[in-house]
Amino acid sequence: MFFDAAKRQDLHPSAALIMRVLADAQAQKPRPVPRVRGGWIKQIFRDIGGWPAMAGLAMGAVAGVWIGVSPPEGLTLVAQSYLGGGGSEYTVDIMPDAFAELWEGAL
Amino acid sequence: MTKPIDATDDVPDDILLQRYADGDPRAAGMLTARLLPRVLAHASRVLGNDAEAEDVAQEAMMRLWRVAPDWRRGEAKISTWLYRVVANLCMDRLRRARVVSLDAVAEPVDDRAGAEEHLLSEARAAALQGALMRLSDRQRQAVVLRHIEGLGNPEIAEIMQISTEAVESLTARGKRALSVDLMAQRSELGYSNG
């Protein structure tokens with residue numbers, strides 16, 4: 001009976017208290033942690049440096065294709081010297097008949 | 001545009017707290033509307049002093065905001081955790097100051113005209129509050145949680161961090177002491193017998 005009266009008692013918070021509590025909530029509001037969205041491709045994209053890095057990579061790729069299609073003359077000579085063009089005079093065959101003997105033996 | 005504060009939404013407390021931690025401005029309003037009245041009522045009944053109760057309620061809610069980013073869902077009930085915070089804050093204040101004025105709660109005060117039944121109800125509540133303030137702090141806390149807030153003994157045990165048996169003992173002794181205390185006022189407060 002006394003408890004029923006206590007339960008009916010008006011103990012609602014005042015507007016001032018509600019405002020103080022909400023102000024506290026605003027002041028204590030945690031800073032949202034930015035969430036990583038997207039899959040692994042986007043993650044790699046971000047890891048290599050995003051759009052600035054992609055611009056550099058694209059420029060490098062275009063330059064490579066251009067050099068492949070229309071190489072400068074000096075580069076052709078350098079490339080030939082590395083890749084064997086006119087290099088036969090440097091070949092030394094220390095066993096010139098070895099391949100022929102092996103071939104005959106196999107027969 | 002934000003919706004008005006609404007305590008009737010059925011989103012669980014821990015989800016709302018998570019939303020608050022994620023930056024949802026409505027979540028704090030909904031949690032406040034839902035939890036602050038309970039926190040304030042409990043503090044008010046245990047302390048018997050409205051101004052002190054408001055301070056405790058504000059501090060308890062502040063602790064809720066602070067714990068929000070670290071709250072682990074499903075681990076504890078937010079209302080139980082909050083009651084425990086309020087209980088501890090009230091005990092600290094009661095131990096520290098002992099400034100509760102029984103006179104402030106013993107006299108039924110109501111300046112609203114009419115409504116005799118309302119006045120009687122207020123008088124009964126005030127008489128109960130006066131009697132509650134004459135219990136020991138722990139008995140008062142247990143009785144308020146059990147018989148006014150309507151919580152179960154296991155939850156009260158969790159809030160007060162004691163065994164269920166200890167809660168039963170506290171509430172039984174507290175209720176007995178209240179009955180003896182209020183016996184003399186029963187007839188003047190409109191109770192005929194038993």
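Basis for what follows: all heavy atoms, side chains included, without hydrogens, waters or symmetry-related copies. Naming convention: chains lettered A, B, ... in sequence-line order (proteins, then strands); numbering from 1 in each chain. All of these numbers come straight from a predicted model, not from anything done at the bench.
- The choice from B/R38, B/M61, B/M62 that makes the most heavy-atom pairs within less than 4.5 Å of chain A is B/M62.
- B/M160 and B/W81 are assigned to two separate hydrophobic clusters, defined by single-linkage of ILVMFWY side chains at heavy-atom distances under 4.5 Å.
- Here the side chains of B/Q58 and A/L17 are in contact, with some heavy-atom distance below 4.5 Å.
- Residue A/K29 holds its NZ atom at 11.5 Å from CG of B/D22, rounded to the nearest 0.5 Å.
- Using a 4.5 Å cut-off between heavy atoms, B/L132 makes no contact with chain A at all.
- Each of A/M59 and A/M54 belongs to its own hydrophobic cluster when Ile, Leu, Val, Met, Phe, Trp and Tyr are linked at side-chain heavy-atom distances under 4.5 angstrom.
- Expressed to the nearest 0.5 Å, how far OG of A/S14 lies from CG of B/L40 amounts to 8.0 Å.
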Under the side chain to side chain contact (heavy atoms under 4.5 Å, CB included) criterion, do A/Q28 and B/Y20 qualify, and how do the steps go?
CA-CA 10 Å; A/Q28 296 293 325; B/Y20 165 73; 3.7 Å; yes

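- Using a 4.5 Å cut-off on side-chain heavy atoms (C-beta onward), B/E54 and A/P13 make no contact.
- Linking ILVMFWY residues whenever their side-chain heavy atoms come closer than 4.5 Å, directly or via other members, places B/L31 and B/V39 in the same cluster.
- Of the listed residues (B/A28, B/P37, B/A27), the one with the most heavy-atom contacts under 4.5 Å to chain A is B/P37.
- When hydrophobic clusters are built by joining Ile, Leu, Val, Met, Phe, Trp and Tyr residues whose side-chain heavy atoms come closer than 4.5 Å, directly or via intermediates, B/M30 is grouped together with B/L64.
- The hydrophobic cluster containing B/I78 also contains A/L22, counting ILVMFWY residues as joined when their side-chain heavy atoms lie under 4.5 angstrom apart, directly or transitively.
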